[in-house]
There are 2 protein chains.
Amino acid sequence: MDADEAVETIQREMTVFARRARASAGRMHPELSLVSYTLLGHLEESGGCRATDLAAHYALDKSTVSRQVAALERARLIERRLDADDHRVQVLHLTHAGREILAQVTDSRRAAFRERLEDWPAEDLERFASCLVRYNAWVRPDGANSSD
Amino acid sequence: MDADEAVETIQREMTVFARRARASAGRMHPELSLVSYTLLGHLEESGGCRATDLAAHYALDKSTVSRQVAALERARLIERRLDADDHRVQVLHLTHAGREILAQVTDSRRAAFRERLEDWPAEDLERFASCLVRYNAWVRPDGANSSD
DNA sequence: CCCTCTAGTTGTACAGTACAACTCGAAGGG
DNA sequence: CCCTTCGAGTTGTACTGTACAACTAGAGGG
């Protein structure tokens, strides 16, 4: 396999993966879509943030985030706390239930990945991981990237 | 980085990629969604096939394929030819325009991938490619996989 | 000739998304 | 102190991709 073939293969396989990913994530965890999972994860990591921050960070429209947030609140996975200083702002926090579901989905996702990768030599895992990091970290020369 | 960390990283980066992929593919080629592109590509490779074959191959519902096909036909990118032997069957073929658009999108996708990967050493490209192939080729032990 | 199987279409529903128009509160300049 | 402008969020609307269920129409075996 030469470099050009390798690029072709990467293209093809990334396309296959992209097409499958959401649906299979959804099948794996009907209770928490990939988007909700990501947003919940961000709230966990950040320890609470504004809807606008989520929108900016994930390059989503604020209306999209607004509705996601509304759904997550309806499901009692997050709660909104009005910012005392700026009454336009709602700071989003995980509820106990949210933290639990997130942990549970994280665990089961981790288990699925471990299972899928269990036969890989450690060396290959490390290389694959660093390739993916490098691939995702790429920024378009014109700087028009959406962030993750 | 040890193996467990590597698995975590792979999980995280694949998730990031999955979330971004469709949207960015759509932005890249507003004229041909990732699904349409994939279906057109399959018709090119197979030299014409039935809607049912597409549905089976990509684990899509036949109604989904039916509507995709209808849209592609409306756009004059494919045409349906009634099978002479079995009048239930429509064999789908690329039109000239379809072949052209497909080639054009394939080229521009290829260019985008090349650009994104241009600084990678050939050795890394080959390793990344084979990791992806291996990753996507995995079949769940219970055999309940959807095909690509 | 009926029964059943298969290919495909259509009705309906839902998730995720964007854009545009809106409300409400904040902040700064006359 | 008002007025304009800005930022955060919500809501109306629309579109895409998707699935499931109900249907039509052709094929093929008893």
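Every chain is numbered from 1, with letters handed out A, B, ... down the list of sequences.
Between the CZ atom of A/Arg74 and the P atom of D/dT11 there is a distance of 10 Å, rounded to whole Å. Across the protein-nucleic acid pair, B/Tyr58 atom OH and D/dT18 atom P stand 12 Å apart, rounded to whole Å. Distance, A/Gln90 CD to C/dT23 P: 18 Å, rounded to whole Å. When the P atom of C/dG8 is taken as reference, atom CD of B/Glu73 falls 13 Å away, rounded to whole Å. Rounded to whole angstrom, the span from the CZ atom of B/Arg80 across to the P atom of C/dG8 amounts to 9 Å. Rounding to whole angstrom units, CG of residue B/Asp53 and P of C/dT6 are separated by 14 Å. Between the CG atom of B/Leu39 and the C1' atom of D/dG17 there is a distance of 12 Å, given to the nearest Å. One can place NE2 of B/His87 at 16 Å from C1' of D/dT24, the figure rounded to the nearest angstrom.
A cation-pi arrangement is found for A/Arg109 relative to A/Tyr37, the charged atom lying closer than 6.0 Å to the ring centre and inside a 45° cone about the ring normal.
Nearest nucleotide to the side chain of A/Ser66, out of D/dA8, D/dT10, C/dG8: D/dT10.
If you check every strand for non-hydrogen atoms under 4.0 Å, B/Asp85 touches sugar and phosphate atoms only. Residue B/Asp83 is out of contact with every strand shown, counting any heavy-atom pair closer than 4.0 Å.
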Carefully, step by step, assess B/Leu40 and B/Val105 under the rule side-chain contact (heavy atoms from CB on, under 4.5 Å). CA-CA 11 Å; B/Leu40 252 45; B/Val105 171; over 6 Å; no

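The local environment of CD in A/Glu123 is sparse, with at most 12 non-hydrogen atoms from other residues, nucleotides or ligands closer than 6.0 Å.
Two residues, A/Val91 and B/Arg88, neighbour DNA chain D, and the one matched to the more 5' nucleotide by heavy-atom proximity is A/Val91. Of the two residues contacting DNA chain C, namely A/Lys62 and A/Asp86, the nearest-nucleotide position lying further toward the 5' end is that of A/Lys62.
The two residues B/Ala18 and A/Leu34 make their nearest non-hydrogen contact at CB-CD2, 3.9 Å.
Residues B/Arg114 and A/Glu8 have side chains in contact (heavy-atom distance under 4.5 Å, counting atoms from C-beta outward).
The existence of a salt bridge linking B/Arg134 and A/Asp124 is confirmed by a sub-4.0 Å separation between a basic side-chain nitrogen and an acidic carboxylate oxygen.
Using cut-offs of 30° and 60° for the angle between ring planes, the B/Phe128 and A/Tyr135 rings count as tilted.
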Quick one: which protein N/O atoms are closer than 3.5 Å to N/O atoms of nucleotides 15-17 of chain C? Pair and distance per line, please.
residue	atom	partner	partner atom	Å
C/dG16	OP1	A/Ser33	OG	2.7
C/dT17	OP1	A/Arg22	NH1	3.4
C/dT17	OP1	A/Arg22	NH2	3.1

